[in-house]
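Remarks on the structure that follows.
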Amino acid sequence: MMNDTNELQRQILEVIALIPFGKVATYGQIAKLAGLPKHARLVGTVLKNLDEGSQLPWHRVINSQGKVSTINLDENGENRQLKLLKNEGVLLENHKIKLKDYQWIF
DNA sequence: GATCAGGCTCTAA
DNA sequence: ATTAGAGCCTGAT
């Protein structure tokens, strides 16, 4: 099967769009659901190049250790991703998200 | 092309 | 529970 780069990206974005409110998914999980098992890092790259205008729930993507892997601070010096998650009721416990409770089960 | 770095993950200690 | 190291693949130099 021939996969164009943009095609891969599209598939990834599609899956991310499905993550429900109040839930999170890991990079690896997204890659897998998109049918691209070993592309966890690509997911990260795609999100990085994503601009803020995007309506995608990019903040619901975290790493397998239950941590957020970006720095992205707002004007108040707060991490945007954590803030957004907090707004959805996804809380931290010792700087980590309990995947056991919040991970999106497809 | 060859190399390197990157919003990762698994596994072993 | 952390963490270092090795894999993996893609995109940038």
Side-chain angles (χ1 to χ4, degrees):
Chain A
M1 156 104 117
M2 229 322 265
N3 266 314
D4 188 81
T5 298
N6 297 316
E7 180 66 9
L8 296 183
Q9 176 164 325
R10 207 204 84 247
Q11 292 178 224
I12 289 171
L13 297 179
E14 245 174 41
V15 175
I16 294 178
L18 297 177
I19 309 175
F21 183 97
K23 291 291 179 184
V24 298
T26 67
Y27 293 91
Q29 182 183 3
I30 297 299
K32 199 170 184 179
L33 287 174
L36 312 165
K38 316 219 163 128
H39 297 58
R41 302 191 85 145
L42 181 59
V43 174
T45 305
V46 169
L47 288 184
K48 178 182 196 170
N49 301 328
L50 199 61
D51 46 74
E52 345 181 336
S54 176
Q55 306 173 332
L56 216 68
W58 59 274
H59 57 282
R60 301 189 186 136
V61 183
I62 64 180
N63 66 33
S64 66
Q65 301 184 25
K67 293 193 284 192
V68 151
S69 10
T70 77
I71 309 180
N72 192 0
L73 305 170
D74 65 10
E75 55 284 344
N76 301 313
E78 289 185 78
N79 184 304
R80 286 204 163 85
Q81 184 167 12
L82 292 179
K83 201 170 181 178
L84 288 168
L85 288 173
K86 191 176 176 186
N87 289 337
E88 302 192 351
V90 177
L91 305 175
L92 296 179
E93 254 185 43
N94 292 339
H95 293 253
K96 282 203 229 166
I97 290 168
K98 285 172 75 178
L99 287 172
K100 193 168 186 289
D101 294 342
Y102 299 108
Q103 185 166 205
W104 171 40
I105 308 298
F106 182 70

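Numbers restart at 1 for each chain; the letters A, B, ... are given by sequence-line order, proteins then strands.
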For [X] and [N], give me the distance from atom [atom1] to atom [atom2], rounded to whole Å.
X	N	atom1	atom2	result
A:Q65	B:dT11	CD	C1'	12 Å
A:K48	C:dA12	NZ	P	10 Å
A:I71	B:dG7	CD1	P	9 Å
A:I12	C:dC9	CD1	P	14 Å
A:L42	C:dT10	CG	P	7 Å
A:L8	C:dC8	CG	P	18 Å
A:R41	B:dG6	CZ	P	9 Å
A:K38	C:dG11	NZ	C1'	20 Å

Touch class at under 4.0 angstrom, heavy-atom based, for A:K96 against every strand present: sugar-phosphate
Pairing nucleotide - B:dG6, Watson-Crick or G-U, each distance under 3.5 Å: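 Matched B:dG6 with C:dC9 under the 3.5 Å cut-off.
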A:K96 versus A:Q65, closest heavy-atom pair with distance: CD-O, 3.3 Å
Nucleotide nearest A:N63 (side chain, heavy atoms from C-beta), chosen from B:dT9, B:dG7, C:dC9: B:dT9
